[in-house]
Amino acid sequence: MTPANHQGHNRPGTTPSHAPELRAAARHLGRRRFLTVTGAAAALAFSVNLPSAGTASAAELDPAQLTGDPFTLGVASGDPQPGSVLLWTRLAPVPYQADSGLPAKRVDVSWELALDERFRRVVRRGRATAHPEFHPVHVEVDHLAPGHVYYYRFRAGRYVSPAGRTRTAPAQRSRVSDLTFGLVSCQRYDQGYYTAYKHLAQEDVDVVFHLGDYLYEYAVNSSGGSRAYPAGTLPDLFDRETVTLEDYRLRYALYKSDPDLRAAHAAHPFVVTWDDHETENNYADETPENSVPPEEFLIRRAAAYRAYWENMPLRRPQLPDGPDLKLYRRLHWGRLAQFDVLDTRQYRSNQAYGDGWQFPGPESEDPSRTLTGDTQERWLINGWHRSDALWNVVPQQVTFSRRFNSTSTPSKVSMDSWDGYPASRERVLAGAQAAGVENLMVLTGDVHVHYGFDIKRDFDDPGSRTLGTEIVTTSVTSGRDGSEKPSNWDTLMAANPHLKFFNGLRGYTTVSLGRELARADFKTVSHVTTEGAPLTTAASFVTEVGDQGLKPA
């Protein structure tokens, strides 16, 4: 990334007029100190300038030496584009071992793409190299038909991966009549079973958006969770917080050991973005949650970002560069929908008033504060000005709409959400209005509950124009079983008249976009601390083209 893409956080004592220059200076100093601290060893560890397939950067493993199935972590696809799909796998015969059970040698992997699940009509095939750096495989297959379903699989030696199902997006200028997608977030492994993913794998959706907290970095007592850990795990694998590159890699191996998660990835292409727990709880740009020097935290962030790319179905533009990874990006589904995927963690100003739920004040309302960074904010608004899509959809992480936790005035708000950055939210809303965005939809995770919000142009005035809707999906497991009506249900519904739905059980959400309306189905499971919960549609809402606002379906 160029320096202009890195918008830092405010430091104590800065003034709004000089904040951008000071943020840039602080970031430049942080990067210099990062390079000084890490040195040559870290430069090698975090290098992702992978050589081209076929080069002799390392010895090649004889396929006959593969004595165990290398596809234990499954397969995935992501970021569907017109005529192009991204296929992913990672070789790990022994997933809970530091080297994944493979020597430091490159492995030749073949892949094929077919029109049918039995692979009788193969349309494309090729070879890829799984490099010694943890053996990830990212294959971008181009020159495909837009708007088509394909099946894919990998082969290494005598082993064949499970088959996956993916699709290309429709041609960008095509008039598409409908699209259905799933929303998931927050899947803490030790707090429950991934029953929601089992149901989602059977849904008829075109794509799934993962809105963050794919894993949790916390140290966990492996005997005190809500579910058993896989056989063969190291005794201390989960009893320490993830900090090093090896820690993060092994934690991804744990999460991907779940068969229901693997089934959902194999069934649908995913579009992923992160929140905080993929690195550390509530970090903000270069500022960690605890009092760790920024240059030390950047080493951890580099490890987390590297492991994220290795384990997610991401394209080459998302290759990390040390402690930086440009995750925000734009996807289209014909002229029906434009998706602007945000990163509200990497470039944000530090949370005001020590984070948590606090009363707003001059620090949080400082107009120079940003949740997205200046560059990403301009990219979002400029993209709206150029958009010709019927629906402009923003998959992102933290609650966008105002959320009071009390009916008294003033009320506390969450400093980690957009409420802690009201000037940033106002610039985005003003940008949407200036761009003439008629059908805005914000997609959110993070808070472990289902919410349905009307996005008001002025949240202080319930009668002001509704610019769009916010669909907040609950967690897959985080928070354990939850409850249909949390203890603060009455207070939040009374304090926030633009809040139309609130449910605290686990699950996921499906959204169907059409030419006349969109429908959101909030789906829940009754429990996750034990297996086998049935799926229920807790509520369904629609919002109409040209007449935004959630109405019961």
Side-chain angles (χ1 to χ4, degrees), residues 178-186 196 200 203 205-213 268 270-273 275 331 333 336-342 344 389-403 417-419 425 428-429 432 437-456 459 466-476 482 492-493 496-514 516-524 535-545 547-553:
D178 59 82
L179 160 67
T180 300
F181 54 86
L183 303 177
V184 290
S185 73
C186 304
L200 180 59
E203 291 270 10
V205 298
D206 299 298
V207 64
V208 173
F209 289 87
H210 198 293
L211 302 173
D213 294 343
H268 313 298
F270 271 55
V271 176
V272 300
T273 187
D275 192 21
L331 301 169
W333 204 264
L336 180 66
Q338 173 173 297
F339 293 94
D340 293 301
V341 184
L342 298 189
T344 63
L390 181 64
W391 295 93
N392 285 277
V393 187
V394 184
Q396 54 95 56
Q397 296 77 18
V398 293
T399 305
F400 182 83
S401 301
R402 192 175 69 184
R403 186 171 42 131
S417 71
W418 288 81
D419 277 333
R425 179 171 58 199
V428 168
L429 289 175
V437 171
E438 294 291 334
N439 305 295
L440 173 66
M441 181 176 287
V442 176
L443 310 178
T444 302
D446 180 55
V447 288
H448 309 170
V449 298
H450 282 313
Y451 287 138
F453 287 104
D454 288 349
I455 299 175
K456 308 300 290 186
F459 286 104
T466 299
L467 291 184
T469 56
E470 181 178 10
I471 307 300
V472 182
T473 194
T474 189
S475 64
V476 172
L492 262 64
M493 294 298 291
N496 302 284
H498 53 286
L499 175 59
K500 305 303 180 180
F501 180 67
F502 179 13
N503 183 295
L505 290 172
R506 307 295 150 244
Y508 59 92
T509 306
T510 59
V511 177
S512 297
L513 302 182
E516 297 182 355
L517 56 81
R519 177 185 175 113
D521 294 303
F522 295 96
K523 303 189 177 185
T524 60
L535 185 70
T536 299
T537 299
S540 299
F541 290 83
V542 298
T543 179
E544 298 176 20
V545 169
D547 184 19
Q548 289 293 286
L550 291 173
K551 308 173 185 67

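- Taking NE2 of H498 as the reference point, atom CG of D454 lies at 8.5 Å (rounded to 0.5 Å).
- Counting only distance, with no hydrogens or angles, the side chain of N503 and the backbone of H450 share no donor-acceptor pair below 3.5 Å.
- A search for side-chain hydrogen bond (donor to acceptor under 3.5 Å, both in side chains) contacts involving K456 returns T466, not counting sequence neighbours.
- With values rounded to the nearest 0.5 angstrom, E438 atom CD is found 11.0 Å from D547 atom CG.
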Legend entry - Pair W418-V398, side chain to side chain contact (heavy atoms under 4.5 Å, CB included): steps then yes or no: CA-CA 7 Å; W418 288 81; V398 293; 3.8 Å; yes

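- In this structure, the side chains of V271 and H210 stay at 4.5 Å or more apart for every pair of heavy atoms.
- With sequence neighbours excluded, no residue satisfies salt bridge (charged side-chain N to carboxylate O under 4.0 Å, His left out) with D178.
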Inset, instruction - Apply ring-ring contact (aromatic ring centres under 6.0 Å, His included) to F209 and F339, showing your working. - result: CA-CA 10 Å; F209 289 87; F339 293 94; 4.8 Å; yes

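- D446 pairs by the salt bridge (charged side-chain N to carboxylate O under 4.0 Å, His left out) definition with nothing, not counting sequence neighbours.
- Here the side chains of L513 and M441 are in contact, with some heavy-atom distance below 4.5 Å.
- Considering every non-hydrogen atom in both A432 and L440, the closest pair reads CB-CD2, 4.5 Å.
- One N or O on the side chain of W391 and one on the backbone of G514 form a donor-acceptor pair closer than 3.5 Å.
- A 4.5 Å side-chain heavy-atom check between V476 and L200 finds every atom pair outside the cut-off.
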Inset, instruction - Tell me, with the steps shown, if T273 and Q397 meet side chain to side chain contact (heavy atoms under 4.5 Å, CB included). - result: CA-CA 8 Å; T273 187; Q397 296 77 18; 2.8 Å; yes

Return all side-chain donor-acceptor pairs below 3.5 angstrom for residues 467-474, not counting sequence neighbours, or 'none' if the list is empty.
from: E470; atom 1: OE1; to: F400; atom 2: N; distance (Å): 3.4
from: E470; atom 1: OE1; to: S401; atom 2: N; distance (Å): 2.8
from: E470; atom 1: OE1; to: S401; atom 2: OG; distance (Å): 2.7
from: E470; atom 1: OE2; to: F400; atom 2: N; distance (Å): 2.8
from: E470; atom 1: OE2; to: T444; atom 2: OG1; distance (Å): 2.7
from: T473; atom 1: OG1; to: L183; atom 2: O; distance (Å): 3.3
from: T473; atom 1: OG1; to: T509; atom 2: N; distance (Å): 3.4
from: T473; atom 1: OG1; to: T509; atom 2: OG1; distance (Å): 2.9
from: T474; atom 1: OG1; to: H448; atom 2: O; distance (Å): 3.1
from: T474; atom 1: OG1; to: V449; atom 2: N; distance (Å): 3.4
from: T474; atom 1: OG1; to: L505; atom 2: O; distance (Å): 2.7
from: T474; atom 1: OG1; to: R506; atom 2: NH1; distance (Å): 3.3

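- Checking S512 against T180 by side-chain atom types alone, a donor-acceptor pair falls below 3.5 Å.
- Looking at L499 and F501, their side chains never come closer than 4.5 Å, going by heavy atoms from C-beta outward.
- Across all non-hydrogen atoms, the minimal contact from C186 to S475 is O-CB, 3.3 Å.
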Inset, instruction - Would you sort out whether D419 and R403 count as a side chain to side chain contact (heavy atoms under 4.5 Å, CB included), showing the intermediate values? - result: CA-CA 7 Å; D419 277 333; R403 186 171 42 131; 3.7 Å; yes

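- The shortest side-chain heavy-atom distance between F541 and K551 does not fall under the 4.5 Å cut-off.
- Distance check, rounded to the nearest 0.5 Å: CG of D275 to OG of S185 gives 8.5 Å.
- Looking at residues two or more places apart in sequence or on another chain, you find no side-chain hydrogen bond (donor to acceptor under 3.5 Å, both in side chains) involving W333.
- In this structure, OH on Y508 lies 15.0 Å from CG on L211, to the nearest 0.5 angstrom.
- Two residues are said to be in side-chain contact when any heavy atoms from C-beta on lie closer than 4.5 Å; R402 and F453 fail this criterion.
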Inset, instruction - Begin from the C-alpha positions of S540 and D521 and carry the test side chain to side chain donor-acceptor pair (under 3.5 Å) through to its verdict. - result: CA-CA 4 Å; S540 299; D521 294 303; 2.4 Å; yes

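- L517 places none of its side-chain heavy atoms less than 4.5 Å from the side chain of V545.
- Checked by atom type and distance alone, the side chain of N439 never pairs as donor or acceptor with a backbone atom of N392 at under 3.5 Å.
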Inset, instruction - Evaluate the criterion side chain to side chain contact (heavy atoms under 4.5 Å, CB included) for residue pair V184 and V208; output intermediate values, then yes/no. - result: CA-CA 8 Å; V184 290; V208 173; 3.9 Å; yes

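- The salt bridge (charged side-chain N to carboxylate O under 4.0 Å, His left out) search around D213 returns none, not counting sequence neighbours.
- Not a single donor-acceptor pair under 3.5 Å links the side chain of D206 to the backbone N or O of L179.
- The only member of Q548, K500, R519 that meets side chain to side chain donor-acceptor pair (under 3.5 Å) when paired with T543 is Q548.
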